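Notes follow once the structure below has been shown.
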Amino acid sequence: MRRPVVPWGGRGTEAATSGTEPTSGTEPTSHIEPPSEWQHGTRNLHVYAAAGAAVLVAIFAAARGASAWGTDSVGADRFYSILAVLMLLTAAFGATFWWPAGSGARRPSSWPPSRTPRFRYVETAHRGSTEIAGRRPVFGLLLAMVLCGTFLSLGAAVEIVVGNEGLPLVALVLALVAGVCLAFLVEVALGRIRAGSLVLGPDGIRLRGWFVESYLPWVSVRGLRAVDRGFPEIWIEGHGSAAWARRRTSRVFPFERLPSEPRIELDSRHLAVDPVQLYRFLEFYVEHPRHRRELGTPAAAERLAEGPPFTVDDE
């Protein structure tokens, strides 16, 4: 059984997320600026263009749905209403998933981070670890989208079958879409798809993604790498002979890839922590093996709450 010892954020979160700027000259800029690989300043304009298009479709669907309420076409008003909600959820998901705009771009050296961190110290089978939570609001929006898609496609399929003779092809296509959406919801209910988390222990690093799970022991870690894919990504790279454990948790949806070599790939869009803060935090434990034992105590959560620079002056 997992027992939280330090609440989400841990001690010192207020200081880490407040608007207070550090005293000039007290923090090395290199510790709180993004790695050079992330300083291109991408704004992901295509994402916001798609989100804007979804909002326009939602407005159109809402208008058509409102006009249909005054007619005898009951199916039409339901269809357009659900479509409007689905498009709004799609826009919200896209904007939230990619937030902040230009993640990894150069920003001022002041604190706080661009995203409110969620982390805590936990115990499992009397062994402590530091857990960084997944972005549950983003995952919740995804579930809401799938649920709306289920109602929309299934309802439309039923309306088409009832209002026509035989079994039109479009009804079969819509029923297939509804079946995929239902399969996704079943996988979530069974725990095979979830918001996930990153768990750091004295012995190793475990990533529980949305669709995959990966574990790499510290003794097999050979370095840390910042990668730019239009969003900040962190690679925890292992040796060729690393005792690397990985598996797909979903049997139906292979959306997240598993690397072909020992490596844990951290997509910053999935974790509730600023990517620069996370990179510097991991960098500290990669470069200071003696301090990894504190990952099994509340001290690591407190260190992460305080924010960079992460130093060894407490020795």
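Since we're looking at a predicted model, the values are computed, not measured.
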[X] side chain vs [Y] backbone, donor-acceptor pair below 3.5 Å:
{"X": "E265", "Y": "I234", "result": "no"}
{"X": "W98", "Y": "F93", "result": "no"}
{"X": "R222", "Y": "G238", "result": "yes"}
{"X": "R135", "Y": "F97", "result": "yes"}

Less than 6.0 Å separating the ring centroids of H288 and F310?
no
Ring centroid separation for H291 and F284, is it under 6.0 angstrom?
yes
Euclidean distance, [Y] [atom2] relative to [X] [atom1], rounded to 0.5 Å:
{"X": "R120", "Y": "S197", "atom1": "CZ", "atom2": "OG", "result": "8.5 Å"}
{"X": "L141", "Y": "L88", "atom1": "CG", "atom2": "CG", "result": "11.5 Å"}
{"X": "H239", "Y": "E261", "atom1": "NE2", "atom2": "CD", "result": "13.0 Å"}
{"X": "E37", "Y": "D228", "atom1": "CD", "atom2": "CG", "result": "8.5 Å"}
{"X": "L86", "Y": "S81", "atom1": "CG", "atom2": "OG", "result": "12.5 Å"}
{"X": "F119", "Y": "L271", "atom1": "CZ", "atom2": "CG", "result": "13.0 Å"}

Quick one, F139 with H270, criterion ring pair (Phe, Tyr, Trp, His ring centres under 6.0 Å). Give me CA distance, side-chain angles, the key distance, then yes/no.
CA-CA 9 Å; F139 190 75; H270 289 195; 9.2 Å; no
Can you find a heavy atom in the side chain of [X] that is under 4.5 Å from one in the side chain of [Y]?
{"X": "F79", "Y": "L152", "result": "yes"}
{"X": "V273", "Y": "F281", "result": "no"}
{"X": "F184", "Y": "F253", "result": "yes"}
{"X": "E233", "Y": "L266", "result": "no"}
{"X": "P35", "Y": "Y279", "result": "yes"}
{"X": "L278", "Y": "L198", "result": "yes"}

Minimum heavy-atom distance between [X] and [Y], given as atom pair plus value:
{"X": "A58", "Y": "M87", "value": "CB-CB, 3.6 Å"}
{"X": "Y80", "Y": "A61", "value": "CB-O, 3.3 Å"}
{"X": "S214", "Y": "I264", "value": "OG-CG1, 3.5 Å"}
{"X": "R269", "Y": "D267", "value": "NH2-OD2, 2.7 Å"}
{"X": "A91", "Y": "A51", "value": "CB-O, 3.5 Å"}
{"X": "P232", "Y": "S268", "value": "O-OG, 2.7 Å"}

Please check if [X] and [Y] belong to a single hydrophobic cluster, counting links between Ile, Leu, Val, Met, Phe, Trp and Tyr side chain heavy atoms closer than 4.5 Å.
{"X": "L154", "Y": "V146", "answer": "no"}
{"X": "L83", "Y": "V180", "answer": "yes"}
{"X": "V57", "Y": "F151", "answer": "yes"}
{"X": "V161", "Y": "V170", "answer": "no"}
{"X": "F211", "Y": "L143", "answer": "yes"}

Can you tell me if CZ on R251 sees more than 12 non-hydrogen neighbours from other groups inside 6.0 Å?
no
Would the number of heavy atoms belonging to other residues, nucleotides or ligands and lying under 6.0 Å from CZ of R229 be above 12?
yes
Under a 4.0 Å threshold between the charged nitrogen and the carboxylate oxygen, would R303 count as salt-bridged to E306?
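Between R303 and E306 there is no salt bridge, as every charged N stays at least 4.0 Å from the carboxylate O atoms.
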N-O pairing of R292 and E294 below 4.0 Å
no
For E213, enumerate each residue passing the side-chain contact (heavy atoms from CB on, under 4.5 Å) test, keeping only those at least two apart in sequence or located in another chain.
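For E213, the residues satisfying side-chain contact (heavy atoms from CB on, under 4.5 Å) (neighbours in sequence not counted) are R206, R208, R247, T249.
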Not counting sequence neighbours, which residues clear ring pair (Phe, Tyr, Trp, His ring centres under 6.0 Å) with Y215? List them please.
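Checked Y215 against ring pair (Phe, Tyr, Trp, His ring centres under 6.0 Å); zero matches.
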Report the C-alpha separation of W235 and L224 in whole Å, then their side-chain angles, then the decisive distance to 0.1 Å, and conclude whether the side-chain contact (heavy atoms from CB on, under 4.5 Å) test is met.
CA-CA 6 Å; W235 288 6; L224 201 65; over 6 Å; no
Between L200 and L282, does the side-chain contact (heavy atoms from CB on, under 4.5 Å) criterion hold? Intermediate values first, please.
CA-CA 9 Å; L200 306 172; L282 292 170; 3.9 Å; yes
Kindly state each residue pair satisfying side-chain hydrogen bond (donor to acceptor under 3.5 Å, both in side chains) with at least one member in residues 169-188, sequence neighbours excluded.
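Those involving residues 169-188 are E187-R192, E187-S250.
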Full working for side-chain contact (heavy atoms from CB on, under 4.5 Å) between L185 and T150:
CA-CA 9 Å; L185 295 175; T150 303; 3.9 Å; yes
Stepwise side-chain contact (heavy atoms from CB on, under 4.5 Å) test for Q277 and L304:
CA-CA 8 Å; Q277 186 182 13; L304 181 56; 3.8 Å; yes
Under 3.5 Å, is there a donor on one side chain and an acceptor on the other for E283 and Y285?
no
